[in-house]
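Side-chain atoms are counted along with the backbone in the values below, which use heavy atoms only and exclude waters and symmetry mates.
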Protein chains: 2
Amino acid sequence: MPVDFTLQCPVPLPSDERIVLAHGGGGRLTQRLIETIFLPAFGNPALHERHDGAALNVNGQRLAFSTDSYVVRPLIFPGGTIGDLAVNGTVNDLAMCGARPLYLSAAFILEEGLPMETLRAVVESMRLAAERAGVTLVTGDTKVVDKGKGDGIFITTSGIGAVEHTFTGPVGIQPGDAVIVSGPLGDHGITILSVREGLEFDAPLASDTRPLWEPVDRMFRAGIDVHCLRDLTRGGLSSALNELAQTRGISIQIDESRIPVREAVRGACEFLGLDPLYVANEGKFVVFVPAGQADGVLELLPEAALIGSTGPSFDPVVTMRSRIGGTRVVDVLSGEQLPRIC
Amino acid sequence: MPVDFTLQCPVPLPSDERIVLAHGGGGRLTQRLIETIFLPAFGNPALHERHDGAALNVNGQRLAFSTDSYVVRPLIFPGGTIGDLAVNGTVNDLAMCGARPLYLSAAFILEEGLPMETLRAVVESMRLAAERAGVTLVTGDTKVVDKGKGDGIFITTSGIGAVEHTFTGPVGIQPGDAVIVSGPLGDHGITILSVREGLEFDAPLASDTRPLWEPVDRMFRAGIDVHCLRDLTRGGLSSALNELAQTRGISIQIDESRIPVREAVRGACEFLGLDPLYVANEGKFVVFVPAGQADGVLELLPEAALIGSTGPSFDPVVTMRSRIGGTRVVDVLSGEQLPRIC
């Protein structure tokens with residue numbers, strides 16, 4: 001659905017403004033960058049949808065097309081590497097369009113001095129991730145930048161998928177829809193942060209990076225009337241829900257006690273002063289379905305949880321009932337909670 | 001055509017090897033990186049062709065898919081910016097597959113502190129380049145890295161095209177084929193180097209960045225029996241000819257006096273000690289056609305020049321007759337002549 005960005009951002013950016021880390025955080029400043037720089041230049045129906053990928057028509061064939069750059073630090077972490085993050089991330093953007101992921105490209109920007117063994121390990125993890133996701137890496141590129149002008153490895157993947165399931169997206173969200181997350185939140189972000197800060201917890205943490213086409217396909221094949229799908233990467237659940245609430249123009253209510261978070265992640269979040277609602281995931285999505293089909297989804301996705309519902313108000317606000325019974329607004333992140341998380 | 005890389009690189013890379021700038025130069029070290037790291041992991045027919053893009057079949061629709069990262073310094077230079085380089089480069093990779101460029105993705109890796117005005121100028125040049133090339137930018141991504149971990153702007157574009165003209169590629173090159181370049185060589189590389197070194201010449205230099213689908217389409221529509229097409233980017237004419245000679249297993253002879261080079265570029269090359277055969281272009285290609293059709297191509301492409309022919313030997317060597325009558329081997333560049341040229 002086209003977004004009227006002139007209403008959302010009536011004033012131009014000041015001319016002396018500079019890029020800050022939060023412009024890449026997936027929150028308010030990323031939105032502002034898109035609205036003031038990218039949409040005015042490239043505005044077209046596909047881009048205005050601001051989905052995870054674009055739905056295209058090539059001679060009658062319906063395709064999905066998506067791209068993402070990966071700049072995560074460190075390059076290798078518990079549960080994954082920048083390489084399988086780059087494969088799964090693009091695979092999942094296609095899955096969120098109802099498209100079976102088919103082909104990937106991979107472009108590498110390497111920093112002079114990178115040990116060849118690190119590159120080899122990352123490439124091997126990409127091979128395994130592509131195999132698991134059933135995609136073929138068909139084309140690529142390598143550039144090298146001077147030492148101190150990059151950071152080891154940056155990877156950009158793009159993907160082409162065949163749209164097998166058509167659904168409405170944000171515009172199809174109805175009042176009373178069930179809001180379901182596909183599994184526990186925060187694993188990826190908290191794992192990265194713990195490694196970076198040298199923290200150790202009793203229970204081991206690992207990134208949840210994984211391909212999501214299979215569970216998405218399973219829902220559609222079971223006849224679930226999916227109204228909207230969105231993966232929970234940068235900015236976490238809060239960003240996804242706020243974006244959808246605004247795009248659709250509807251309220252969303254969630255229940256804190258229903259939001260699944262692993263004990264180890266909850267403990268780490270408390271220790272670090274982070275809210276799991278804002279932490280990035282790399283293998284989780286939120287799905288909106290008619291209330292009567294919620295049980296069906298929970299049966300199909302063993303780790304999933306019903307966390308709330310939409311409407312009745314058309315005020316685009318996300319609210320959460322806390323464990324102690326109060327209600328608060330879940331706002332979109334304006335700054336950057338965890339830079340370079342993916 | 002699959003390349004037997006085990007023959008070309010019998011010894012594995014030493015385990016303490018590190019990435020150097022020349023791994024991104026498009027010459028021998030880039031080939032070695034592809035052969036020892038990427039092909040063994042991702043080997044599949046599309047990737048083994050090692051073309052500018054991959055030809056794919058999606059439900060009977062023939063598509064081309066290509067990706068490239070751009071890391072050029074400076075970001076803005078006479079004749080272009082990193083932005084139109086990123087649009088035209090991917091557009092041209094698709095054109096080299098006989099595919100009409102349709103859709104592009106663009107992923108930005110921005111360095112913290114980048115002036116917003118620079119980003120705006122680059123994005124505006126991308127808008128104009130996309131308009132000129134007739135492609136629609138449909139999806140994108142933005143990441144930000146800490147100051148000192150990037151270099152202003154890196155852009156990765158990927159493209160999807162519809163294959164309109166089918167031809168054999170390197171395997172279709174025949175003994176006696178005419179070898180034609182589409183215009184004067186070296187403009188882009190020499191322009192970048194001159195700006196970087198603060199050199200000024202009498203005649204102004206400018207990058208040749210431009211979209212190539214239109215002249216390619218013109219040749220096919222005129223009935224030219226194109227045997228092979230290749231654009232002359234990183235590594236210049238010498239890398240392209242050597243790669244094709246090796247892939248096809250055929251000799252190529254070119255004539256120095258026939259190679260078109262603008263006076264200003266020739267002068268700059270002499271001054272800088274560079275050989276225009278090795279300098280990158282961003283809007284030129286080499287085409288192999290039956291000798292009898294060479295005149296037809298020269299009529300269709302006003303700036304083109306017939307520079308040599310293939311065979312009769314099947315020894316994969318490129319030789320050049322110099323202006324003073326001697327003959328020398330034109331080898332592939334082993335090091336890096338001009339880092340970060342694109």
Side-chain angles (χ1 to χ4, degrees), chain A residues 13 15 17-21 23-24 30 33 37-38 41-42 44 46-47 53-54 56 58-59 61 63 65-69 71 102-103 105 107 109-110 112-117 119-120 123-124 126-127 136-146 148-151 154 156 158 160 162 340, chain B residues 13 15 17-21 23-24 30 33 37-38 41-42 44 46-47 53-54 56 58-59 61 63 65-69 71 102-103 105 107 109-110 112-117 119-120 123-124 126-127 136-146 148-151 154 156 158 160 162 340:
Chain A
L13 292 170
S15 64
E17 195 174 350
R18 288 175 178 267
I19 290 291
V20 297
L21 280 170
H23 280 116
T30 304
L33 193 64
I37 303 275
F38 295 115
F42 302 124
N44 61 65
L47 203 62
L56 307 175
V58 181
N59 294 353
Q61 175 67 40
L63 301 179
F65 183 30
S66 186
T67 194
D68 266 320
S69 288
V71 300
L102 297 175
Y103 300 110
S105 66
I109 298 175
L110 307 177
E112 191 183 14
L114 175 78
M116 199 64 79
E117 279 313 303
L119 179 61
R120 199 186 297 274
V123 166
E124 173 63 10
M126 293 182 80
R127 183 184 73 75
T136 311
L137 197 150
V138 291
T139 191
D141 183 47
T142 310
K143 293 292 190 310
V144 180
V145 295
D146 340 38
K149 298 293 183 185
D151 198 11
F154 300 146
T156 303
S158 302
I160 298 178
R340 297 186 57 189
Chain B
L13 293 171
S15 64
E17 196 174 346
R18 287 175 180 270
I19 291 291
V20 297
L21 280 171
H23 280 116
T30 304
L33 192 65
I37 303 275
F38 295 114
F42 302 122
N44 61 64
L47 202 63
L56 307 176
V58 180
N59 293 355
Q61 175 68 38
L63 301 179
F65 183 31
S66 188
T67 193
D68 265 320
S69 287
V71 299
L102 297 176
Y103 299 110
S105 67
I109 298 175
L110 308 177
E112 191 183 15
L114 175 77
M116 199 64 79
E117 278 313 303
L119 179 61
R120 199 187 295 273
V123 166
E124 173 63 11
M126 293 183 81
R127 182 185 72 76
T136 310
L137 198 149
V138 289
T139 190
D141 182 48
T142 310
K143 294 291 190 312
V144 180
V145 295
D146 340 37
K149 299 293 183 184
D151 198 9
F154 301 145
T156 303
S158 302
I160 298 178
R340 300 188 52 190

(request) With a 4.5 angstrom heavy-atom cut-off, could you sort out which part of Leu114(B) is near chain A: side chain, backbone, both or neither? (result)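 Both parts, backbone and side chain.
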(message) Is Val138(B) close to chain A through its backbone or its side chain, or both, or neither, when contacts mean heavy atoms under 4.5 Å?
(response)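 It is both, since atoms from each part get that close.
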(request) Counting only heavy atoms closer than 4.5 Å, note whether Val145(A) contacts chain B via side chain, backbone, both or neither. (result) both
(message) Counting heavy-atom pairs closer than 4.5 Å to chain B, which one of Gly150(A), Gly140(A), Ala54(A), Ala162(A) comes out on top?
(response) Gly150(A)
(message) I need the residue from Val20(A), Asp141(A), Val71(A) with the largest number of non-hydrogen atom pairs under 4.5 Å to chain B.
(response)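 That would be Asp141(A).
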Compare all side-chain heavy atoms of [X] with those of [Y] and state whether any distance is below 4.5 angstrom.
{"X": "Leu63(B)", "Y": "Gln61(A)", "value": "no"}
{"X": "Leu102(B)", "Y": "Leu56(A)", "value": "no"}
{"X": "Asp146(B)", "Y": "Arg340(A)", "value": "yes"}

(message) Going by side chain to side chain contact (heavy atoms under 4.5 Å, CB included), name the residues that satisfy it together with Val123(A), two or more places apart in sequence or in a different chain.
(response) Phe108(A), Leu119(A), Ile37(B), Phe38(B), Ala41(B), Phe42(B)
(message) Counting heavy-atom pairs under 4.5 Å with chain A, which one of Thr156(B), Leu137(B), Thr142(B) comes out on top?
(response) Leu137(B)
(request) For a side chain to side chain donor-acceptor pair (under 3.5 Å) with Ser158(B), tell me which candidate from Thr139(B), Asp68(B), Thr67(B) qualifies. (result)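 So, applying the side chain to side chain donor-acceptor pair (under 3.5 Å) to Ser158(B) and each of Thr139(B), Asp68(B), Thr67(B), only Thr67(B) qualifies.
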